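Please read the structure below before turning to the comments.
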Amino acid sequence: MDAYRYTLADFYASDSPSVVEPPADWGAWLAEPATQACMALFEQPLLAAPRAATRIASRFDGTERDVINLTSYNYLGLATHPEVIGAARDALETYGLGASGAAMLSGTYDVHVRLAEQLAAFKGREACALFSGGLMANYGALQGMLRRGDVLVMDEKCHQSIIDGGTLARAKSVFFRHNDPDALAAVLEAHRGKRVLVAVEGVYSMDGDLGDLTRLAPVCAAHGAPLYVDEAHSSLLFGRTGRGIAELQGVEDQVAVTFGTLSKAFGGVGGFICSTQAIVRYIKAYASAYAFSCAPSPPVVAGCLKALEVATRNHDLQDRLWRNVARMRANLEAMQLNLGDSASQVIPIIIGDSAELLFDIARRVQARGVFLQPVDYPAVPADQRRFRLSVTAMLTDTQIDDACNVIEDEIAQRVKR
Amino acid sequence: MEPVMNKDEIVQVIVRNIRENVEDVGSAEIDPTRSMEAYGANSLDVIEIVSCSMRDLKIKVPRTELAQVRTVDELADKFLQHMQAA
């Protein structure tokens, strides 16, 4: 078996006679030395906090090493901010580790009420619902609103959690070409008379480009289609007050429901949606991910409350982040790497169609102390395999330059644009 | 060894799986040279159509080699190529 010809996309369909036995060829593929070498790059345990410099137990060579961290959602450093850690520690002493109940019955604490109120105020909305996971908030909210016979219209680059929401609701799923207002209009035209919801993102997570809400929102308005915007990678980062891409592009009044995660810039874990009091109340009643899940852990909620305060008291962290993004981009552009259409802190370095090259480079880069992870098909198109670099506010100029020296040696020298 | 199917037979297998997996297609005539999307198949449906067709044909073609395929005709050609090479 030529291991590099196959990917995770090839074993989803199963011919195994039993559902609790994976397909036989999956086992054969995993046993291939080449596959094992690739898989060794995933789920490598970090041995320290997700700061700019961290420590990792490398699975590909069994070595523990210090690394410069270019693969983290800790965009503003809030996961490791002393005030956030202090607030979470205090809440741990007060409330214990878990909420020990679903939100409706016994899992809502005063910190949950405060965070939901403050997130709603931050986003300029009437109400907010908190979920224990970001993925749960997306599929939960969509499943809570959409019904069989409805149509979920998605940008083709939308996250799996949005796709799953439509599937779970048994709504019809329709995709339109990325950021293309004409394609969106054609889809909406074809589904006139149906209840529809249009879902797009602020920052697309694998490409780091921005949703073109300025051009898509008027198409939705013209067709009477409500707009749902996933601001997972943009909340606290973009717009004058940090509300996200809808604020940056001046279309907040055309967004019906706004979604955010607590696991990216907020530095915790969980997700939330903000909208009118009426629809938030309705979603909470019918979203299984809300109604039937234990509420978020109180220490995490208290930490996220503090993170919101720290991130919105001034622009210091955001200024540091964008200064670092500018320095990183200038370095990478000078190497003539293919960075796609990135316009955010998420910067892909697109390698091309060779999985073998991608994984070989990944091992070399990590062996030299730069934690940069590969992204393979089917997460990205097969001819656009890539590294997905995240810039954080915590990186120093020296760390950025040192990491870029490794990227130049190991990536730029081997990948001609 | 089983004889290799001809292209028309492969097209019939794919068309049957389109009918079984795409609710909008109904009884409409399927033109193998038009894109599967034109019959209302979204990207998730296409994954299912390809999976079911490969299962019926007892072949496994790497997905990365099918990424550019848009029509029934192109898919049938890829399947045929794979069967002939086997």
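The shown structure was predicted, so the numbers you read here are calculated from the model rather than taken from an experiment.
- When the candidates Ser51(B), Gly40(B), Ser43(B) are compared by the number of heavy-atom contacts under 4.5 Å with chain A, Ser43(B) comes out ahead.
- With a threshold of 4.5 angstrom between heavy atoms, Val61(B) approaches chain A through N, CA, C or O but not through any side-chain atom.
- With sequence neighbours left out, the ring pair (Phe, Tyr, Trp, His ring centres under 6.0 Å) criterion links His178(A) to Tyr204(A).
- Classified by interplanar angle (parallel below 30°, tilted 30° to 60°, perpendicular above 60°), the ring pair Phe11(A)/Tyr6(A) is tilted.
- For a residue to count as touching a neighbouring chain, one of its non-hydrogen atoms must lie under 4.5 Å from one of that chain's; by this rule Asp25(A) touches chain B with the side chain only.
- Between chain A and the residues Glu65(B), Arg55(B), Glu37(B), the largest count of heavy-atom pairs under 4.5 Å involves Glu65(B).
- The pair Asp10(A)-Arg5(A) does not count as a salt bridge, with every side-chain nitrogen at least 4.0 angstrom from each carboxylate oxygen.
- Judged by the 6.0 Å distance and 45° axis criteria, Arg147(A) is positioned over the aromatic ring of Tyr286(A).
- Contact tally against chain A (heavy-atom pairs below 4.5 Å) for Lys60(B), Met54(B), Glu48(B), Glu23(B): the top residue is Lys60(B).
- Pairs engaging residues 191-204 of chain A under the salt bridge (charged side-chain N to carboxylate O under 4.0 Å, His left out) rule: Asp150(A)-Arg195(A), Glu189(A)-Arg192(A) [sequence neighbours left out].
- Proximity to chain B (any heavy atom under 4.5 Å) is restricted, for Thr7(A), to the side chain, taken from C-beta onward.
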